[in-house]
Chemist: 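Okay, handing you the structure first.
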Amino acid sequence: MSPFKVLSLLPLLLVLVMLVAFPIGQMIWMSFGNVRLTAGELIWDSAGLANYERMLGDETFRISLWNSLVFIFFTVVITVVLGIALALAADRLVRGQKLVQNVLLWPAIVAPVVISVAWLLILSPQVGLVNKILRSLGASPQSWLGDPFGAMASVVVIDVWHWTPIVFLLIYTALRSLDPSVLEAARIDGANYVATVRYIVLPLLTPAILGAVAIRVLMGVKVFDEMYLLTFGGPGTATTVISIYLRSVFFESFQYGFGSALSVTVVVLVLVALLVALAVRSLIRGVRRA
Amino acid sequence: MPDAIHRNHQGSWLVRILLTGAVVSTILPILWLLLIAFQRPRAIISPGWTFEFSLANFEEVFGPRQVYGAQVVNSVILVLVSTAITLVIAAFAAYSLSQLHWSRRTVASILGGAGLLQVIPPVTLVPGLFATLQTLGLNGTLSGLILLNTVFNLPFAVILIKFYFDTLPTELRESAAIDGASEFATFRRIMLPLAAPGIASVAIFTAIQVWNEFLFGLVFTTGGREAPITVGIATLIQPQEIKFGPMAAVGAVTAVPIIILAIVANRHIVAGLTRGAVKG
């Protein structure tokens, strides 16, 4: 084995061990202990399974898991459906495809923090654009972010605005790379547009669509910035998703052991979901081949 | 590009309405942010529709006693250094994994380990990372943030650059070796330039990710002079009082460079986003 072969890979391995394997090990270790931060040092005392037992009875953790599920379900379904619709539409444009693609890239790359600020300026009861319009029309101003249902609906709408473009870009790129002769053949056979899309285009796009769904689900699991800035998880626990709850356990109540037990559980849940998804995929492939 | 299902114009008014709606609703919140940023402070809270141009918000946040200027500088340093380190480590590792005949199992387990980092929520690793940074003496420093940003962008960069190296024929490397070039020279002079377009996409994508990063900046700094600008924006949003004008001004400063980049380097960014997403 040549030295270059080893040396070229070494920095990556070093970083992965130091900042991935080690923190994960720490997380598991802490989840079995009472951990206090004293004079900048983490002090660990064994707690056995106490953190996990407490987790099972923790109401807020259950609520945060449920909130994350609700958030993921609605944002994934809406962004994927809208993204497909926009991609099919842009594909039919005679002019302006470049413009659409360019503008729709903006939300996907502007900082989530700035997106949150922009929407705060739209939804705020004092200075918000929506309330300015309502007031001009003679209606009374609303406080969406102050109402449990309104707050969840708002963060879903913002997430849809934010991430539909990424689904659009994924599907649109896949759509543009389809072999036109297949579609030409369908048209010669007399298939109309809707039938072509339903029976030929969508099946061909399935890998891209499933890829988009997977990415969106993972983004939904990780979501943090928008809730932190717009609702702070509230009102009450209405928009407390997993990441928001974990941050408050770590940095407001400083319960590193308990927080680590929650973290381990979240990571395990994500990995199990991922394995199930992969298993289902290979099962479906197997059935198709048989 | 062929017209795919495209030459069929039936129902095109629906197409135009849908896309015009998408473009307008995408631009509107960003435009409103810019308007508020340049709006005279007392006009912001007035219920009417007057617009009075003013630079007061910018003067307030970038005045001599404020931290936001320093935070913009921090973010720029963070982007330059993290992106550079990420690219160097990733280019070597991707080349090694792609071209230097590691066993399949080795490649799979390294990519798997890297991929693991892509799927778990970063906040779960915060206590472990805190302990790690504490050991290294980097808690609360810009160097600590550079390290974290590098690590969390490496998996994507390695996977994507490897994908570009995979498209190069192995014979290229072998013939260079026969000509007597050293392994490093082969990498540096022959293979790396060929992967340059791919690496450029990764560079832009990584830089955007680092510029936008918020969570680590929030929990690993105290939000003052050593924090990145995304954290600075958050300090303007307090439960008791939201400083709308300054918040919009800092938001505009953070967003406008990225939007200009989107217009100028559109193709590179789309390539990075879509390929990376599908392969990762």
Side-chain angles (χ1 to χ4, degrees), chain A residues 2 4-5 8-9 11-12 15-16 19-20 22-23 26-27 30 42 86 89-92 100 102-107 109-111 113-114 117-119 121-122 127 129 135 169-170 173 176 178 180 183 193 196 211 215 218 221-222 224-225 229 243 246-247 250 256 260 263 266-267 270 274, chain B residues 1-2 4-6 8 15 18-19 22-23 26-27 29-30 32-33 36 44-45 47 89 92-93 95-96 100 113 117 119-121 123-129 131-132 151 154 183-184 208 212 214-215 219 230 233-234 237 244 247-248 251 254-255 258-259 262-263 266 270 273-274 277-278:
Chain A
S2 73
F4 182 77
K5 180 173 173 179
S8 55
L9 203 51
L12 176 71
V15 166
L16 285 182
L19 285 134
V20 182
F22 182 71
Q26 283 277 337
M27 171 175 80
M30 284 189 204
L42 291 168
L86 288 175
D91 189 53
R92 292 173 53 119
V100 170
N102 205 314
V103 171
L104 285 189
L105 180 62
W106 298 1
I109 63 172
V110 169
V113 171
V114 178
V117 164
W119 279 89
L121 293 171
I122 288 178
V127 306
L129 178 63
R135 220 176 282 135
L169 289 171
L170 286 170
T173 311
R176 296 304 283 182
L178 290 185
L183 308 162
Y193 179 74
T196 313
I215 290 162
L218 289 173
V221 174
K222 295 181 188 175
F224 174 80
D225 302 7
L229 291 167
S243 293
L246 281 177
R247 196 210 69 95
F250 287 138
Y256 298 105
S260 296
S263 294
V266 168
V267 172
V270 171
L274 203 66
Chain B
M1 235 343 112
I5 37 184
H6 335 266
N8 185 339
V15 163
L18 187 64
L19 290 170
V23 168
T26 299
I27 293 176
I30 297 172
W32 184 247
L33 173 88
I36 298 276
I44 293 176
I45 42 172
I89 297 180
F92 275 106
Y95 176 70
S96 192
L100 301 183
L117 199 56
V119 301
I120 59 181
V123 71
T124 61
L125 290 178
V126 162
L129 291 170
T132 312
V151 175
L154 261 176
E183 292 224 57
F184 178 74
I208 293 171
N212 292 349
F214 176 63
L215 177 68
V219 301
T230 46
I233 299 176
I237 307 176
F244 290 104
M247 181 182 90
T254 313
I258 298 288
I259 292 176
I263 295 169
N266 186 280
V270 172
L273 281 177
T274 51
V278 173

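Keep in mind it's a predicted model, so treat the numbers as computed, not measured. A, B, ... follow the sequence lines: proteins, then strands. Residue 1 opens every chain.
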Chemist: Could you check which of A/Asp225, A/Leu129, A/Leu12, A/Leu169 has the highest count of heavy-atom pairs closer than 4.5 Å to chain B?
Modeler: A/Leu129
Chemist: If you count heavy-atom pairs within less than 4.5 Å of chain A, which of B/Leu19, B/Ile233, B/Val219 leads?
Modeler: B/Leu19
Chemist: What's the shortest heavy-atom distance between B/Thr124 and A/Val267, and which atoms?
Modeler: OG1-CG2, 3.8 Å
Chemist: So, for B/Thr254 and A/Ala111, which heavy atoms are closest and what is the spacing to 0.1 Å?
Modeler: CG2-CB, 4.5 Å
Chemist: Identify the two heavy atoms, one from B/Val123 and one from A/Ser243, that lie closest to each other, and give their separation to 0.1 Å.
Modeler: CG1-OG, 3.5 Å
Chemist: Using a cut-off of under 4.5 Å on heavy-atom pairs, state which of B/Val23, B/Thr132, B/Leu33, B/Ile208 scores highest against chain A.
Modeler: B/Thr132
Chemist: Which one wins on heavy-atom pair count under 4.5 Å against chain B: A/Asn102, A/Leu218, A/Val103, A/Leu274?
Modeler: A/Asn102
Chemist: For B/Leu154, is it the side chain, the backbone, both or neither that has a heavy atom under 4.5 Å from a heavy atom of chain A?
Modeler: side chain
Chemist: Tell me the closest heavy-atom pair linking B/Trp32 and A/Leu121, and the distance in Å.
Modeler: NE1-O, 2.9 Å
Chemist: Could you tell me which non-hydrogen atom of B/Pro121 sits nearest to which non-hydrogen atom of A/Val266, and how far apart they are?
Modeler: CG-CG1, 4.0 Å
Chemist: With a 4.5 angstrom heavy-atom cut-off, is it the side chain or the backbone of B/Ile120 that approaches chain A, or both, or neither?
Modeler: both
Chemist: Just give me the residue among B/Ala22, B/Gly113, B/Ala131, B/Pro127 that pairs up with chain A most often, heavy atom to heavy atom, under 4.5 Å.
Modeler: B/Pro127
Chemist: Measuring heavy-atom distances to chain B, does A/Val117 have an atom under 4.5 Å in its side chain, in its backbone, in both, or in neither?
Modeler: both
Chemist: Could you tell me which of A/Met30, A/Lys222, A/Gln26 has the largest number of non-hydrogen atom pairs under 4.5 Å with chain B?
Modeler: A/Lys222
Chemist: Working to the nearest 0.5 Å, report the span between OG of A/Ser8 and CD1 of B/Ile89.
Modeler: 12.5 Å
Chemist: Would you mind checking which part of A/Val100 comes under 4.5 Å of any heavy atom in chain B, side chain (CB onward), backbone (N, CA, C, O), both or neither?
Modeler: both
Chemist: Let's go through A/Leu19 and B/Leu129 carefully: what are the C-alpha distance in whole Å and the side-chain angles of both, what is the deciding distance for side-chain contact (heavy atoms from CB on, under 4.5 Å) to 0.1 Å, and is it a yes or a no?
Modeler: CA-CA 7 Å; A/Leu19 285 134; B/Leu129 291 170; 3.8 Å; yes
Chemist: Do you know which of A/Val221, A/Leu105, A/Leu246 has the most heavy-atom pairs with chain B at a distance under 4.5 angstrom?
Modeler: A/Leu105
Chemist: Measure distances from B/Tyr95 to the heavy atoms of chain A and classify the residue's part below 4.5 Å as side chain, backbone, both or neither.
Modeler: side chain
Chemist: What's the spacing between B/Leu117 CG and A/Leu16 CG if we round to 0.5 Å?
Modeler: 7.5 Å
Chemist: Between A/Trp106 and B/Ile27, is any pair of side-chain heavy atoms under 4.5 Å apart?
Modeler: yes
Chemist: Name the member of B/Leu215, B/Val119, B/Ile237 that forms the most heavy-atom pairs with chain A at distances under 4.5 Å.
Modeler: B/Val119
Chemist: So which heavy atom on B/Pro29 is nearest to which on A/Trp119, and how close?
Modeler: CG-CZ2, 4.1 Å
